[in-house]
**Q** 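First, the structure itself, so that you have it in front of you.
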Amino acid sequence: MATPENPLRGLDPDQREAVLHESGPLLLVAGAGSGKTRAIVSRIVRLVRDGVPPDRILGITFTNRAAEEMRERVASALYAGSSPGTGEGRDLPWLGTFHAFGARLLRRFGGRIGLSPGFVIYDARDQFDLVRQILKEKNVDEKKFSASRFLGRIERTKRDGEGSSVLREAGGWAFAGKAEEVRIAYDDALSAAGAVDFADLIRLPVRLFREHPGILEAVRGEIRHLLVDEFQDVDAGQAELSRGIGLGAESFLAVGDEDQSIYGWRGGSAGPMLSFERDYPGGRVLHLRTNYRTRAAILSAAGEVIRKNRSRREKRIEAAREGGDPPVVRQYEDSDDEAAGVAGAVAEQIRKGASPSSIAVFYRVNAQSRPVEDALRQAGIPYILRGALSFYDRAAVRDAIACLRWFVHPDDPVSFARLVKAPRRGVGEVTLARAREAARAAGTPFSAELVKIPRLAGLLEFRDRWAAGLPARKVGEALHAALDGSGYLAWIGDGDGSGTEERSGNGKEDSRENLQELLRIANLFPGSGEEAVCAFLERISLSPGEEEEGGEAVRLMTMHNAKGLEFETVYLAGLEEGLLPHSRSADSESEVEEERRLFYVGLTRARERAFLSFARRRSLFGAFRDTVLSRFLTEIPPSMVRWHVGTSRTPRGFARSGTAAPWRAPAIVPAAEPSPARPRLVRHPMFGDGVVEAVEGSGDDRKITARFPGYGRKKILVRAVRMEILY
DNA sequence: CACACCAGTGTTTTT
DNA sequence: CACTGGTGTG
Ligand SMILES: Nc1ncnc2c1ncn2[C@@H]1O[C@H](COP(=O)(O)OP(=O)(O)OP(=O)(O)O)[C@@H](O)[C@H]1O
């Protein structure tokens, strides 16, 4: 193992070309599982081997986790054999997301646009709190226009520039006018607080490059080789950053697959891939044509579905791994039944020797994880959730972070607003609002106003002492001291079990545990002083909850989260109209196409087996509704899929027994298009063609809920209107 | 200003 | 159904 691996090993000729590519821009276009990411890793290794100093290389990934994985792969290829475990100080290229890279640029150069290097990064919750605060100050009725609606618009505007939102928003002038006002107040509040949001992490570096050519030159001087993964989902700003750096670099490799562009709702677009040769004069485009991951039987089914997208260039891809079992479709009674069925099938795979971590369950929305979690837990199968519902969203953890954040950054009113509420210290909304207003009016920092509030004297004094002692403190110590001095630890009960055991009980108990966990994480964080604390806070804002490795556990995640991963066996649950495609993404053809890509991404994560399922009834807001199976299921040619929809009821006893009780394979129904028991597509005399989302009642009382492009969702009493059933 | 309770409310997807 | 924010009272 002491001999470093040849970076060209395990690559096909096309990949090799990308890896050996000498100079200039190169776009690698290829379907799922064709080894694009491997090509990036190998290229980085090759560059370093050829003597390029690692810090001249910048690699952009879509998630922090992907960056971490890439870092490991590069490190092990480069330094395998040479004293393992000490990888820390190793020379490795900088790998991370556009946002993390943007943050890094802003820490260095932000001063040029008036940003202090210690800026805070607001996450979704902070943004939300801030917008609500502004709405309150401006007397905007949230019932009429919700904070999230404002926030959505603010983000779009910040991302795509002004004008873009106006066109897309159907809210009328009243909203448009207010929205602009709120947006400006929001941005003012951010800069007053010395804070940035996620959009800023892209937008401000773009501005830096545009307005300060010297900075762009400096960055170009450093980054000689740029590599960007998942290029099909970059937003306009990210494309501009790529271009700014890429054009000045010795080489630029972008890789992507248009069919996996699934973040359009966030501004992501495959546009920059399509216009690559125009944007990068002298740029070349290279294709990979072999899928090394997915069995032919699954890949061809996925391929047939994705072909239904009209706005798409056909590309050829061949499965290196022939044969295999076609995807299996299973029908269940309801979501619990489905979850139990999935758990049963998972148990069966494990019993046959599969490793739990080689199995994944994908769904469209996070809420779907719940029944699946319950069923897995009952069956005694270990699992971990990947993505959302993070540890860092827990109230106590947010409190603690807000506390630490305010301690290093006393001008941040959003953090302070949390801190001042826990524990209560006789200062409320009114006093705070007054202080914010005074600061704004006088143009003074927020903290200067806090000094004037008598009740805060103790807290402020403590903070000064804390700040004085900070340079010598490690992150964990600094956090602990802040929590202690702010009274938070005492308020929550410091968990020594001594004295005051609250009877309100488990809420505080949980909080204490979460706090312990946070302290543990903070203690592991390297470095000391303000810089380390800021780095810690930044890490938490940019990649919350990515430390859990998971070990031997089944992976549960949304299809969005599944991007870039691979598993032996995948389960796609909840394949129903309204869920996939999601009812809120079914208005336009382009939205439906993105949903179709999501399905494609999910299916192409599988190496060996894919199980697709839907429930006939699903509860929404507590009430059960009948469902209609996803159109994407019926788009798979019948010969390429196995419909097991007959007796797929889970033996009820299974879950309770907790062991791998007999799981009867459902009867195999000959491959055939299921005749829809209920209508899927209807034509209404007024609303036109609509996709049926649910059917209730029967006979004369039958009501159909359908979504009509341009009209939205309508519930129609069948007997009341002459409606044609198209399918 | 703090706390308790109740009603209304809402579900995409995430850096 | 589960949550959270608003409301009313001490
Ligand atoms: N030349 C090759 N020969 C054999 N296996 C390969 C080769 N290149 C890549 N692989 C394997 O194929 C699988 C897919 O590779 P990789 O993840 O790099 O593909 P990708 O194009 O990035 O996929 P996706 O776009 O679907 O995320 C991995 O298991 C990888 O190890």
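Residue numbers start from 1 in every chain, and the chains themselves are labelled A, B, ... in the order their sequence lines are given, proteins ahead of strands.
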**Q** Using atom CZ of F128(A) as one end and atom P of dG5(C) as the other, report the distance to the nearest whole Å.
**A** 7 Å

**Q** Any sub-3.5 Å donor-acceptor pair from H560(A)'s side-chain atoms to Y263(A)'s backbone N or O?
**A** no

**Q** Quick one: E155(A) CD to dT14(B) P, roughly how many Å, whole number?
**A** 14 Å

**Q** Check the pair S619(A) / D334(A) against side-chain hydrogen bond (donor to acceptor under 3.5 Å, both in side chains), numbers first and verdict last.
**A** CA-CA 8 Å; S619(A) 74; D334(A) 54 47; over 6 Å; no

**Q** Of the listed nucleotides (dT13(B), dA2(C), dT15(B)), which one gets closest to any side-chain atom of R370(A)?
**A** dA2(C)

**Q** Could you work out which one of dT14(B), dT15(B), dT13(B) sits closest to the side chain of R364(A)?
**A** dT13(B)

**Q** Any side-chain N or O of N64(A) less than 4.0 Å from the OP1 or OP2 oxygen of dT15(B)?
**A** no

**Q** Please tell me which of the listed nucleotides, dT15(B), dT11(B), dT14(B), lies nearest to the side chain of H560(A)?
**A** dT14(B)

**Q** Defining pairs by Watson-Crick or G-U wobble geometry with both distances under 3.5 Å, how would you list the stems of DNA chain B with at least three pairs each?
**A** B:1-10 with C:1-10

**Q** Is S583(A) near enough to dT11(B) that one of its side-chain N or O atoms lies under 4.0 angstrom from OP1 or OP2?
**A** no

**Q** Please determine if a side-chain N or O atom of R125(A) lies less than 4.0 Å away from the OP1 or OP2 oxygen of dT14(B).
**A** no

**Q** Considering only the P atoms, how many Å lie between dT11(B) and dG6(C), rounded to the nearest integer?
**A** 15 Å

**Q** Could you check which of dG6(C), dT12(B), dT15(B) has an atom nearest any side-chain atom of T97(A)?
**A** dT15(B)

**Q** Calculate the interatomic distance between E595(A) atom CD and dT12(B) atom P; express it in whole Å.
**A** 12 Å

**Q** Just the rounded figure in Å: distance from P of dT14(B) to CZ of R159(A).
**A** 15 Å

**Q** Among E595(A), E593(A), E577(A), E576(A), find the one that has a salt bridge (charged side-chain N to carboxylate O under 4.0 Å, His left out) with R631(A).
**A** E577(A)

**Q** Between dT13(B), dT15(B), dT11(B), which one does the side chain of R584(A) approach most closely?
**A** dT11(B)

**Q** Would one find a side-chain N or O of N366(A) under 4.0 angstrom from OP1 or OP2 of dT13(B)?
**A** yes

**Q** Is it true that the side chains of Q127(A) and E155(A) contain a donor and an acceptor less than 3.5 Å apart?
**A** yes

**Q** If you measure from the ring centre of W265(A) to the centre of the six-membered ring in the base of dT13(B), is it under 5.5 Å, with the planes under 30° apart?
**A** yes

**Q** Under 5.5 Å centre to centre and under 30° between planes: does that hold for H582(A) and the six-membered base ring of dT12(B)?
**A** yes

**Q** Please report the distance, rounded to the nearest Å, between CG in L598(A) and P in dT12(B).
**A** 15 Å

**Q** Of V420(A) and T558(A), whose nearest nucleotide on DNA chain B comes first from the 5' end?
**A** V420(A)

**Q** Looking only at side-chain atoms of F198(A), point me to the closest of dT15(B), dT12(B), dG5(C).
**A** dT15(B)

**Q** Under 3.5 Å, is there a donor-acceptor pair linking the side chains of D233(A) and S261(A)?
**A** yes

**Q** Apply the side-chain hydrogen bond (donor to acceptor under 3.5 Å, both in side chains) test between D259(A) and each candidate in R597(A), R312(A), R596(A); give the one that qualifies.
**A** R312(A)

**Q** Rounded to the Å, how far apart are E576(A) CD and dT12(B) P?
**A** 17 Å

**Q** Rounded to the Å, how far apart are R132(A) CZ and dG6(C) C1'?
**A** 10 Å

**Q** What about Y600(A) and F632(A), are their ring centers closer than 6.0 Å?
**A** no

**Q** Roughly, in whole Å, what's the span from CZ in F362(A) to C1' in dT14(B)?
**A** 17 Å

**Q** Is R605(A) close enough and on-axis enough to F362(A), meaning under 6.0 Å and within 45°, for cation-pi?
**A** no

**Q** Under 4.0 Å, heavy atoms only, any strand: does F98(A) hit a base, just the sugar-phosphate, or nothing?
**A** nothing

